[in-house]
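Take a look at the structure below.
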Amino acid sequence: MNPVLVMGPILLLFVVLGFVTMAILFERKVIGWIQMRPGPNRVGPWGILQTVADVLKLLIKEDIIPSKADKPLFKLAPAIAFIPAFAVLAVIPFTESLQFSQFAVGILYYLAVSSITIIGILMGGWASNNKYALLGAMRSAAQMISYEIPLVMSVVGIILSVGSLNLVEIVEAQKQVWFIFPQFLGFAVFFIASLSELNRTPFDLPEAESELVAGYHVEYTGFRFAFFMLSEYVYVFAMASLTTVLFLGGWNAPFGLTMIPGIVWFVLKFLLIVFSLFWIRATMPRVRVDQLMEFAWKVLLPVALFNILLTAVLQEVPYLDFLYRL
Amino acid sequence: MRGLVKGLGITLKNMTKPSVTHRYPDVPLPMPDRFRGIQYFDPDLCIVCNQCVRICPTDCITLTGKKHPDPEKKGKVIDTYDINFEICILCDLCTEVCPTEAIVMTNNYELAVYSRDDLFKNMEWLHQNDENVRKENNLNKPNLAPGGNKK
Amino acid sequence: MLRTEEMLLNVGPQHPSTHGVLRLVVKIDGERIVEVEPVIGYLHRGTEKLAEDLNYTQIIPYTDRMDYLSAMTNNYALVHAVEKMMGLEIPERADYLRVIVMELNRIASHLVWMGTYLLDIGAMSPFLYAFRDREQILSLFNELCGARLTYNYMRVGGVKWDAPPGWIEKADAFVDYLLPQMDEYHGLITGNEIFVRRTKGIGIVSQELAIQYALSGANLRVSGSDWDLRKKEPYSLYDRFQFDVPVGKNGDLYDKYLCRMQEIVESLKIVKQAIDQFPEKGTIMGKVPRVLRVPEGEIYTGIESPRGELGCHIVSKGKDKPWRLKFRRPSFYNLQILPTLLVGESISNLVAILGGIDIVLGEVDC
Amino acid sequence: MKSEDEKKEAPRAKARPSKRPVTKKEEVPLEPSPKQPVLDQYVTLIKGAVGEQAVSESHINREAGHLPTIVIRKEDWLATARYLKRSDELSFDYLQSLAGVDYASYFEVVYVLLSMSTLQKVMIKVKAEREEASVPSVSDVWAAANWNEREIFDLFGIEFTDHPHLKRILLPDNWVGYPLRKDYEPLDKEV
């Protein structure tokens with residue numbers, strides 16, 4: 001086994017963990033600035049070591065497993081919640097050279113593996129033998145499943161115009177124009193559905209602290225709880241990079257500025273998406289549970305289907321087909 | 001959708017504004033002169049008239065007076081003066097009724113202590129607590145509040 | 001039909017959105033609330049029993065701690081009742097100071113309500129903006145009477161401290177600052193579609209129900225009746241100011257939000273007019289006997305606190321200590337309607353409806 | 001009552017004879033209050049609707065802005081309450097305040113009623129004897145009275161007959177005694 005195959009994923013793991021610590025800090029800083037306060041600045045210069053301190057704290061914390069909890073399930077749940085979050089990164093092409101697999105059905109793999117997390121959440125909710133956790137798990141499972149469908153539907157527009165599920169080909173196809181413009185409806189639905197997949201405001205029902213039901217990870221303490229948080233932020237990394245690849249043209253430079261390397265463009269677009277996630281979290285109130293479900297089925301899904309129809313129709317129109325038949 | 005976008009615009013605009021928070025532990029927070037912090041007590045002004053004990057809503061002041069040491073002066077001199085800071089609510093009624101301004105509020109608000117017995121402030125402690133004593137007290141206040149202070 | 005037995009859930013007393021120590025024993029069937037039984041009394045300090053051993057000046061610090069978000073109106077309720085019983089005359093300057101201070105306190109209290117209400121609905125930032133503005137009011141009070149929350153500022157017959165030099169100009173500057181600031185709140189919240197969907201048409205209180213449960217303040221005005229004690233039974237100097245009373249049409253949570261935001265603007269108008277008419281000279285204490293002996297008799301006077309009608313019922317036997325002192329606490333009356341509002345609602349509306357009533361538990365338990 | 005309070009009281013009174021005798025309110029016959037006719041009208045209406053014996057006494061409370069005050073007999077209070085609420089020319093539909101008072105020899109429950117339509121106010125008092133005091137509950141006439149009656153029961157021990165859910169509201173259920181009574185012995189002496 002040549003070393004690159006082994007070292008690559010480990011290196012990616014460290015990059016992702018590094019990103020997660022910086023993302024948590026960056027989120028608290030951004031929300032702090034929006035709320036006209038400096039954000040964490042106590043631990044380390046400008047608060048850089050804040051997340052490290054948090055993780056260390058969680059490590060030291062006592063690892064309580066409720067007595068009547070279903071022990072094997074309870075221990076397994078965080079792992080099942082985290083593994084797909086990381087496994088999904090295998091298929092994301094960061095630049096032409098920097099990618100792990102030329103998977104023919106990249107998107108399908110991504111969307112399929114990412115829905116395994118729901119099982120982990122249900123296990124966590126059920127195993128902790130706590131009525132709040134159970135209600136929270138039910139809610140978040142229902143939410144993630146009902147938003148999975150608009151998420152998938154919104155991507156079909158791109159697949160139609162590119163004609164392949166391979167993420168690398170999708171990025172290649174966006175040399176001239178990024179898919180955010182022709183597929184704007186798809187982008188809107190995708191972005192909103194990804195917000196809900198990540199359980200972020202305005203769809204952060206499960207761990208709505210002011211709500212009665214306090215999330216599926218209410219019984220988890222110490223490092224198991226950290227695992228759930230970790231999987232949430234790795235998903236932010238995965239979802240943001242997928243949005244960049246699908247809609248913002250991966251490593252393609254805008255307006256032909258190709259002297260700056262692709263990775264820099266990728267990171268810039270990626271950070272733009274991550275910033276907008278935090279920005280929305282600081283501004284939006286929370287949607288009610290029944291409104292959330294209704295929104296998914298009655299608004300997002302029809303819009304996504306309409307977007308597919310639009311793409312299919314516009315492919316035939318003579319002038320516009322260069323946008324839609326790549 | 002328009003309302004959501006407008007809201008986002010406002011939060012972005014606020015992001016650029018400087019932070020309005022105090023850096024309290026690093027930068028000391030100055031309090032206005034009238035701030036009601038822990039009291040300062042001056043034993044020689046006190047004429048042991050018990051007004052403060054009577055007005056205190058939570059009865060946390062206990063004092064004992066003794067005969068004036070040299071015989072020809074009459075009246076009493078304060079012997080012990082304790083304020084029980086477990087139940088003192090810093091309501092400033094005692095300084096209001098004190099005729100001779102023996103007890104006056106200061107602007108110190110760091111009152112946390114490590115053990116409960118430190119909360120029983122005796123006369124010495126109250127006398128040493130003399131930084132940033134409040135300047136505008138009863139006697140030099142134009143409109144006098146009701147209560148015991150004579151002109 | 002699938003047999004689903006009801007689940008008993010405890011909301012509080014340790015719960016982030018019960019605005020204090022309130023416990024709701026909620027019987028739910030799935031997501032729908034079947035029955036709610038509020039349990040209060042966790043913050044009962046027996047103020048009314050203590051008051052029977054204290055003279056009137058000593059009770060004032062206790063009134064600060066009833067509705068700790070607007071202590072000035074509590075002070076005024078007690079002091080107003082005693083003055084009316086003794087037939088005391090208050091110097092003009094003291095009365096103007098009282099009106100300015102009470103209206104500023106109403107603004108601060110509504111800002112806290114708006115901030116925590118948005119926090120219940122899920123938006124984090126308005127809370128910080130509301131507290132940023134409220135901070136300026138608190139520092140104004142800090143300069144005036146030495147405390148940020150428990151002011152102990154009013155005395156029977158007047159006020160304790162005169163406005164320090166420059167204070168009136170600072171208050172004026174604050175009014176000019178906050179009026180345009182309200183547009184930022186309206187931009188951030190009023191148009192927000194998610195907020196509107198969370199509050200419009202929910203927790204509707206009909207006028208007849210509101211009167212039946214003797215609600216007061218914004219809870220009553222939201223369902224159509226314009227009952228505001230500052231207009232209906234003017235006390236202090238309120239008959240000298242032009243301001244109107246915001247009245248809601250359909251009594252839902254969105255109307256309560258709009259009503260309270262409009263009340264902030266109205267209070268700003270009052271403070272503005274009070275500052276313009278503020279007399280330059282004048283004492284701040286009327287002629288008051290050194291030991292206050294309230295003549296024998298009984299009185300009930302109500303004033304308009306941010307939460308509703310705050311009444312003070314004094315029975316005096318001619319001594320300097322009240323024989324019986326009873327506070328008519330608006331939050332206690334407003335909370336009474338919660339069970340009837342919640343039956344049949346979903347759980348996620350529970351937090352919004354409870355927040356909409358704007359209760360302070362220090363006042364409910366007294 | 002706190003015993004050391006009396007001790008504090010005594011030295012003060014001895015140490016400082018009060019300079020001015022307390023001014024006795026001069027007993028000149030006060031001119032009839034403007035609200036007197038209103039009070040008489042209420043009394044006649046109630047007597048007509050409920051019965052002669054319902055109103056035991058009525059006067060004008062001058063300090064409280066000439067508030068007409070009527071003392072109603074305990075037995076007829078429920079009928080009077082219903083009448084006050086439902087009659088169209090009185091229509092007292094807003095229970096502004098409800099307070100319990102312990103006059104050492106008897107209890108008194110004070111209702112302040114307000115009519116939203118005519119903006120008239122009236123203060124109704126219902127007396128109840130000291131031992132197992134009981135007053136008919138008006139919670140089905142004014143829903144606002146429900147919790148208030150529970151509070152008065154909790155702090156005074158006045159039973160409100162056929163109140164839907166008469167239980168302590170502020171104090172814990174296993175609390176012994178009724179604190180707001182004048183003869184209430186606190187369980188633990190002041191610390």
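So you know, we letter chains A, B, ... as the sequences are listed, proteins then strands, and number each from 1. Everything numeric in this text was worked out from a predicted model, so none of it was measured.
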Are the side chains of B:I89 and C:R65 in touch, meaning some heavy atoms are under 4.5 Å apart?
yes
Is the shortest side-chain heavy-atom distance between B:L93 and C:R155 below 4.5 Å?
yes
Tell me if the NE2 atom of B:H68 is crowded by more than 12 foreign heavy atoms within 6.0 Å.
yes
Taking atom NZ of B:K76 as the centre, does the number of heavy atoms from other residues, nucleotides or ligands within less than 6.0 Å exceed 12?
no
Audit row: B:V20, C:E135, side-chain contact (heavy atoms from CB on, under 4.5 Å) steps and yes/no:
CA-CA 10 Å; B:V20 291; C:E135 193 59 34; over 6 Å; no
Contact list (residues 136-148 of chain C to chain B, heavy-atom gap under 4.5 Å, by number) returns C:N142, C:E143, C:L144, C:C145, C:G146, C:A147
Please round to the nearest 0.5 Å and tell me the distance separating atom OG1 of B:T11 and atom CE of C:M124.
11.0 Å
Say you draw a straight line from OH of C:Y153 to CG of B:D92; how long is it, rounded to the nearest 0.5 Å?
13.0 Å
Under 4.5 Å from a heavy atom of chain B, the part of C:Y129 involved
side chain
Once rounded to the nearest 0.5 Å, what's the spacing between atom CZ of B:R34 and atom NZ of C:K160?
9.5 Å
Answer yes or no: is there a side-chain heavy-atom contact under 4.5 Å between C:S125 and B:N14?
no
Okay, B:N107 and chain C: the region with an atom under 4.5 Å from a heavy atom over there is neither
Contacting region of B:M31 [heavy-atom separation from chain C under 4.5 Å]:
side chain
NZ (C:K319) with more than 12 external heavy atoms under 6.0 Å:
no
Flag yes if more than 12 heavy atoms outside B:K17 fall under 6.0 Å of its NZ atom; otherwise flag no.
yes
Anything in residues 83-97 of chain C with a heavy-atom distance to chain B below 4.5 Å? Please list those residues in order.
none
When you look at B:I10 and C:Y185, which way does the side-chain contact (heavy atoms from CB on, under 4.5 Å) test go after all the steps?
CA-CA 9 Å; B:I10 287 171; C:Y185 289 123; over 6 Å; no
Are side-chain heavy atoms of C:Y62 and B:T58 found at a separation under 4.5 Å?
yes
Evaluate the side-chain proximity of B:R36 to C:T150: yes if any heavy-atom separation is below 4.5 Å, no if none is.
yes
